[in-house]
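Below is one structure, written out as structure tokens, with a few remarks after it.
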Amino acid sequence: MSYGGKSLPGLPRAALCWTPGLAPAPNVLAPQVLRFWHTLLVASGSRFLLPTKTSRPDWKEALRILVQLWLRTSNNDGINSARVLMLHYGKLAFPLAFRPRTQPPVQVLSTGLRILRQLLPFQHDQADRVVRGDEETWAVLHVGRESVAEIRLTQESLMDGWSDEDRCGIEEWDDRGNSLRGELRIEWRRKPSGPRLASIGKSVEVEVWFLWAKGEASCLRVRGMPGATTFQLRNAIDKRFGRNVEGGWGNRAGDSPGARLMLVQTACSAAPKLRSLMKGTTVEMPTTTIGGTAKSKLVRGWSAEDVAGRGSAEICVHVVGQRNLAIHTQLIVLMRTNSPGEVAGGREAGPVPVTDSKDGFSFEEAVEVLPPSLRRAWINVGEPGMVDFSGMVQGHAGESIRNVVFRACPNVSDFEASVFKVFAGAGIGRELDDGDEGFPVAGGEEEWLWVERGGPGSDRSWRESVGTQLEVGLREWLESEQLAGPGLGRAPREWCGAGAEVRGNGVTRERWGQRLREALQREARGGRAGLVAIEGLPTWDPPQQLEFSAQWADGVVALGSQGGQVAVARWEPHSSRSGGNWRPAGLAEEATGGPVIGLDWVRSSPGVLLTAWSGAGSGPDEAGGGAVLRWRHEEGRLDCVGAFPTRLMGVTGCASDMFGAIALLAGGSTVCLIDVDRLETVGHFRAAPDGDICNAPVFASLHPHLIAAPAFLGRAALMFDTRSALDRPVWRLETPSALTNVCFSPDDRTLLISGVDNWVSEVCVTAGHLHDPPLELPHLDLPLNYTKSYYTSAHGSSPCSQHPAVKFAAIQK
Amino acid sequence: MKNVCGDRTIVSASRLQDTVHFMCPATRQLLGAFRVRDGRADNAHAPMTRVAKPDPHHPFRVGVLVDGPDVLAPRPNGDRAFSREAEDIRAYTLELSFALSR
């Protein structure tokens, strides 16, 4: 039976067959579903089609989506753990199979929506339907009273016809055949007020740099007006870049040999919306089309002659906020032509006048011919908050590259670049392979290159060729000394980063191992290391948490008590002899509402201390939370300056990223991301299944987008990347022990994980596999012997010292 | 005992032990351990380490929170569990440089 006597445009006719009264039995349905899960349409008469509102009259009666989750209980074919999600679209049913262990429901729902959108010829009016004023659309899957999955509908996932009145029925069967009923609802929620970039400073500025290999630079500058949001900025850039690039440069295979233009995202410290702005994009840019189409669009004024002679080039898109914003985001665009030659012609130096002003953003293009010696200075001028350098190296996949010589920037000599490993399609990249947005072609310590699914080069042969030969572009960052600003106050480097003082204490890297051995030997011979009491809390309120500050080299430690008090103590060395004592330097008596569970000094804001506290009971009003304290070291005061906007049950800790821009508060299995400056929740995700305990997740040392979380009951370490979907980790490593804490190494190469009874091991951050064997510690067979481990910084490098973080991208030759 | 890790070491403490372990991540071996003993307990009833965190600026300083010797309270069913409110926790720093200076 065809639907309503009509054929649905875009659907295969065979799919329209429908047999009333035939309810899909899970045991019958699942094998077929699993085999043809993306194409099979299964008849179902078990749900009735309800009319609903729609903007499409021809689909008026067909826009009720009913969802059923079928639990397959048979185990005779090896798929007993699979579930079948039935998407009922009108009288049609779309079966989707997934495995609960690896695919959370939210991902399946997202996939289902995408498939439906592909199967059915929906017309999108995306922007209006995704965002309505200050609200945005969410699809929330409820089972019982609990919200088990949530999707913020994006332009990709939104399906026309959904309205805020839609309800989707859900049935899920547990192992005993009991039916759990729920529904999928569309909800409008107030948008999390992400950073209004321009509102922090006077304006926001995006600079698009075209750095040609022969020492020329071109610039496209986008300025946002005060009050502009990242959303508006993204739209403006989309209009300016994405559409023009796609439309103008296209993806025509016949245009080879073509220059390849790749947009690669690197680290970003700002809010998720800004990160999504910088989502990796790849665009094929045939040489032959640049002159014609781009001339009137993106790269105004460029001609084919300009491009043909340059050989290779980089295009770097920097999002440069005001100094205090400290955005470390860039798009690296690498372009390579196959016909290097002499530069034909040349452009006159000097900026081209402002050419556009739409949507509150002004665009300014500048094309200059720069000798290589001037490039660095020019970049410095353009980036007040940081200094960066670029270079190109050659290497093969899997090859370690060391002693990089910056060919493009020969004058760089004040620090060294090092790339530890580059490998194609390996490690974390494999875990991300099936992402909705594409797949990575190269991964490494810092960054992964993504290719849009269905885009150029997404076929297997191209992947393999990338896997055998890579050209790697290096980008190295060095923060300047001008990141200070208002808000919570990022101090100049010479004040907060005390690396010089530490290095001055005579402890060198070479001496460390020797001196530690001496101390251990003396201890083994009966010597006693000094035990110095830390004072600061009242004697009746015992300490529960301890956290050293990385911003003061002379020794500052915070203590959190069971009674909710927080104290700071400072080391006072004895003047006449060696040694010293801890002296109270500040006390906040009513800083929290419960026992202090976690402390974290904000690394880029001296004196700013985050604290997490737990509630007294299990009621909703007794949830725990977090607070921001400021230690005024001159006055010896510790004041509470704000509270986290989110309350959670079972708080386990708090942490902040390397820039101090985003903090996380963990409670139970939930992690909330909080804008530290504005004290607003900017996102949340479930780091572990319900009922599990996610013990104190932490941000990486040098990568503000990486969050590691230990699952206690689930016995797993999880790595999340805030730039990608947070509904699933980028990798999940099962461990033989329940995990109690995780700790990134100072260079983020390894993750130290600790479990029960002295089980300690290291994990490769990029690949997500255990270093084998675990560290050797004696086991006592005590199940409550919870172990916690941390890395020392033996040579005295402070976490807040400005490690140059290596960024790299890869490009196919 | 050879420490080839060079630039960093792992500090580890366990809840029902009185020692702070130092390990080399390169060789994966235990470099050594310090027993934490304060004035309130003798060697037979040493305090238990809750956590040991290294000072990021001082490679020879480790902050430790220690419980009293009896951190496990008996439950009605005979099991033992951590008491919810331990009243005898103390905070110290372990100054390894003192050992070197003696």
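Just so we're on the same page: letters track the sequence lines, and every chain starts at 1.
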Taking the side chain as every heavy atom from C-beta outward, state whether [X] and [Y] have any pair of such atoms under 4.5 Å apart.
X	Y	answer
Ser12(B)	Leu777(A)	yes
Pro25(B)	Glu762(A)	yes
Tyr791(A)	Thr9(B)	no
Ile89(B)	Gln562(A)	yes
Thr792(A)	Ile10(B)	no
Phe548(A)	Thr93(B)	yes

Contacting moiety of Leu780(A), where chain B heavy atoms sit under 4.5 Å: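 For Leu780(A), side-chain heavy atoms alone lie under 4.5 Å from chain B.
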
Under 4.5 Å from a heavy atom of chain B, the part of Ser549(A) involved: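 Contact with chain B involves the backbone of Ser549(A) alone.
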
Who pairs with Trp582(A) by ring pair (Phe, Tyr, Trp, His ring centres under 6.0 Å), at least two apart in sequence or on another chain?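 Here the qualifying residues are Trp571(A).
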
From CA spacing to verdict: side-chain contact (heavy atoms from CB on, under 4.5 Å), Gln17(B), Asn758(A): CA-CA 10 Å; Gln17(B) 293 179 256; Asn758(A) 289 328; 2.7 Å; yes

Identify which of Asn741(A), Val760(A), Leu752(A), Val756(A) forms the greatest number of heavy-atom pairs closer than 4.5 Å to chain B.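 Top count of heavy-atom pairs under 4.5 Å with chain B: Leu752(A).
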
How far does CE of Met23(B) sit from OG of Ser789(A), to the nearest 0.5 angstrom?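 Atom-to-atom, Met23(B):CE and Ser789(A):OG are 5.0 Å apart.
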
Interatomic distance, Leu65(B) atom CG to Leu546(A) atom CG [nearest 0.5 angstrom]: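 Reported to 0.5 Å precision, the distance equals 5.0 Å.
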
Lys53(B): salt bridge (Lys or Arg N to Asp or Glu O under 4.0 Å) partners, not counting sequence neighbours: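 Here the qualifying residues are Glu547(A).
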
For the pair Tyr786(A) and Arg50(B), evaluate side-chain contact (heavy atoms from CB on, under 4.5 Å) and give the outcome as yes or no after the intermediate values. CA-CA 9 Å; Tyr786(A) 303 136; Arg50(B) 292 173 70 96; over 6 Å; no

Work out which heavy atom in Thr787(A) is nearest to a heavy atom in Ser14(B); give both atom names and the distance.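 In this case the closest contact between Thr787(A) and Ser14(B) is OG1-OG, 2.6 Å.
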
Examine whether an atom of Val11(B) lies under 4.5 Å from a heavy atom of chain A, and if so say whether it belongs to the side chain, the backbone or both; otherwise answer neither.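 Backbone plus side chain of Val11(B), per the 4.5 Å heavy-atom cut-off to chain A.
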
